[in-house]
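Bear in mind that the values here come from a model prediction, so they are computed numbers and not experimental data.
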Amino acid sequence: MASERQVHNSVSSWWGEHIHRYNEAIKSIEKNHIVLNLACGTGYGTKLVAPHCSKVIGGDISEETVAFNKENYSGPGIDFQLLDGTSLSFEDNYFDTIISFETIEHTTKFDEMLSEFKRVLKPTGKAFISTTNIVVNSPTGENS
C-alpha cells in the first residue's frame with residue numbers, strides 16, 4: 001500500500017503514479033491561474049505546479065507538514081497553509097484549479113469537503129481528485 005505521505009527524499013514504485021497525476025493536472029493550468037493543492041503532503045507536488053500558475057497554495061491539516069514545506073519548498077508564487085478541507089478560509093469562486101490526491105478517503109466528512117471545493121472553485125474551474133482503489137492497489141497494477 002502507498003505511504004500516507006509520499007516521502008520526498010526517496011524514490012519508490014509509487015512515484016510514477018504521483019508524478020503522472022500532477023502532470024495531468026498541469027495540462028489544464030494556465031499562467032494566470034490560482035491553484036489549491038489540498039493535502040499537499042511533503043510539498044513536492046505544490047512545487048511542481050508552481051511554475052505553471054500565478055499562485056499555488058499547498059494546504060495540509062498537519063502543522064508539522066506545513067512547517068516542513070515552508071522550510072523546504074517555498075519559492076515564488078508558493079504559499080503553504082494549515083488547512084482543513086471541510087472548512088476552507090477562502091472567498092467563493094477563488095480558485096481556478098483544485099488538486100487533492102489521495103485525500104477524500106481519509107475523512108468521513110467527504111460531502112462537506114466536496115461542497116467546499118465547489119464553493120471555492122470558479123464556475124469554469126477544474127478539480128482533480130484521486131482516491132485509492134480497493135481492488136487494485138499497487139504500483140504495478142496487480143492486486144495486493
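- The two atoms that bring Arg119 and Glu91 nearest to each other are NH1-C, 3.8 Å, heavy atoms only.
- Judged by distance alone, the side chain of Asn69 and the main-chain N or O of Gly41 form a donor-acceptor pair under 3.5 Å.
- At least one side-chain heavy atom of Ile129 sits under 4.5 Å from a side-chain heavy atom of Leu114.
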### Query
What do the steps show when you test Tyr22 against Asn37 for side-chain contact (heavy atoms from CB on, under 4.5 Å), and what is the final call?
CA-CA 10 Å; Tyr22 279 105; Asn37 184 24; 3.2 Å; yes
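- Across Lys55 and Tyr94, no two heavy atoms sit closer than the pair NZ-OH, 3.8 Å.
- Checked by atom type and distance alone, the side chain of Thr86 never pairs as donor or acceptor with a backbone atom of Met113 at under 3.5 Å.
- Within 6.0 Å of atom NZ in Lys126, 12 or fewer heavy atoms from other residues, nucleotides or ligands are found, so the atom counts as exposed in its surroundings.
- Atoms CZ and CG, from Phe95 and Leu36 in turn, are 4.5 Å apart once rounded to the nearest 0.5 Å.
- Of all non-hydrogen atoms in Asn93 and Pro123, the two that sit nearest each other are OD1-CD, 3.6 Å.
- For the atom pair CG of Asp84 and CG of Leu38, the computed distance is 8.5 Å after rounding to the nearest 0.5 Å.
- Rounding to the nearest 0.5 Å places CD of Glu116 at 12.5 Å from CG of Asp111.
- No side-chain heavy atom of Asn32 sits less than 4.5 Å from a side-chain heavy atom of Asp96.
- Contact between Ser74 and Lys47 at its shortest, heavy atoms only, is O-NZ, 3.6 Å.
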### Task
For the pair Ser28 and Phe128, evaluate side-chain contact (heavy atoms from CB on, under 4.5 Å) and give the outcome as yes or no after the intermediate values.
CA-CA 10 Å; Ser28 295; Phe128 295 87; 3.7 Å; yes
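- When each of Leu88, Thr46, Leu83 is checked for a side chain to side chain contact (heavy atoms under 4.5 Å, CB included) with Ile57, only Leu83 meets the rule.
- For Cys53 against Ile29, the heavy-atom pair with the smallest separation is CB-CG2, 3.7 Å.
- Between Glu24 and Lys27 there is a salt bridge, with a side-chain nitrogen of the basic residue lying less than 4.0 Å from a carboxylate oxygen of the acidic one.
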### Task
Please report the C-alpha distance between Phe80 and Phe68 in whole Å, then the side-chain angles of each, then the deciding distance to 0.1 Å, and finally whether the side-chain contact (heavy atoms from CB on, under 4.5 Å) criterion is met.
CA-CA 10 Å; Phe80 289 103; Phe68 173 87; over 6 Å; no
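- Looking at heavy atoms from C-beta onward, Ile78 lies out of side-chain contact with Tyr73 at the 4.5 angstrom threshold.
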### Task
Please assess Thr97 against Val49 for the test side-chain contact (heavy atoms from CB on, under 4.5 Å), listing each intermediate value before the final yes or no.
CA-CA 11 Å; Thr97 304; Val49 169; over 6 Å; no
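- Among all heavy-atom pairs drawn from Ala25 and Ile99, the shortest one is CB-CD1, 3.8 Å.
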